[in-house]
Structure formats: structure tokens, C-alpha cells
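A quick note: this is a predicted structure, and the numbers were derived from the prediction, not measured.
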Amino acid sequence: MDAFTTSLLNRIKDTESDLFRAREAGDDFLVDVEQEELNDLHRIAAEHGVAVDVAA
């Protein structure tokens, strides 16, 4: 796995964790921010052919 892919997947994992914490805290604004960041990261991954495991 190259550095770009590793970095992107790590950012996705970190953002998912941040999103979970924002939801747990009930911070609706931060939830929106983290969700948009996650959407952007998934879009970037798709554009570069990086497979992202999505937990069900």
C-alpha cells in the first residue's frame, strides 16, 4: 500500500472516530462538519480507486 492510500485510509478512520464522538456528545454542528469531511474523504478515495471498508 502506498503512502497516499495509507494516509487517506487513516484520515477516514480518524474522521469516523471523530464523528462517533461528536454524535455521542450531541454536538449537531460538529456532527455536520465531520460528516462532510467523511463524505469528502470517501469521494477522494473513489476518485483514486481506493477501496474503503464500510462497517454495516
Side-chain angles (χ1 to χ4, degrees):
M1 188 177 309
D2 62 24
F4 172 78
T5 301
T6 300
S7 177
L8 182 58
L9 292 175
N10 284 336
R11 286 184 62 196
I12 289 171
K13 181 180 174 185
D14 291 345
T15 303
E16 288 172 337
S17 294
D18 293 344
L19 177 58
F20 176 79
R21 283 193 297 275
R23 285 181 177 149
E24 289 290 308
D27 188 334
D28 293 337
F29 175 75
L30 190 53
V31 167
D32 289 343
V33 170
E34 296 299 342
Q35 185 63 61
E36 287 302 316
E37 176 71 11
L38 190 57
N39 293 346
D40 288 343
L41 292 169
H42 278 271
R43 179 186 49 78
I44 292 167
E47 288 174 356
H48 293 278
V50 175
V52 178
D53 291 332
V54 178

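With rounding to the nearest 0.5 angstrom, the CD atom of E37 is 6.0 Å from the CG atom of D40. Note: T15 OG1 to K13 NZ = 12.0 Å, rounded to the nearest 0.5 Å. Atom CD of E34 is separated from atom CG of L41 by 9.5 Å, given to the nearest 0.5 angstrom. Separating the CD atom in E16 from the CD atom in Q35 is a distance of 9.5 Å, to the nearest 0.5 Å.
Connection of F20 to F29 is not established within any shared hydrophobic cluster, with ILVMFWY side chains joined at heavy-atom distances below 4.5 Å, either directly or through further cluster members. L38 and V33 are assigned to two separate hydrophobic clusters, defined by single-linkage of ILVMFWY side chains at heavy-atom distances under 4.5 Å.
Checked for salt-bridge contact, D14 and R11 miss the test: no charged N lies under 4.0 Å from a carboxylate O.
Nearest approach of I12 to A45, heavy atoms of both residues: CD1-CB, 4.5 Å. Across every non-hydrogen atom of V50 and L9, the tightest pair is CG1-CD2, 4.0 Å.
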Q. Can R43 and N39 be said to form a side chain to side chain contact (heavy atoms under 4.5 Å, CB included), step by step?
A. CA-CA 6 Å; R43 179 186 49 78; N39 293 346; over 6 Å; no

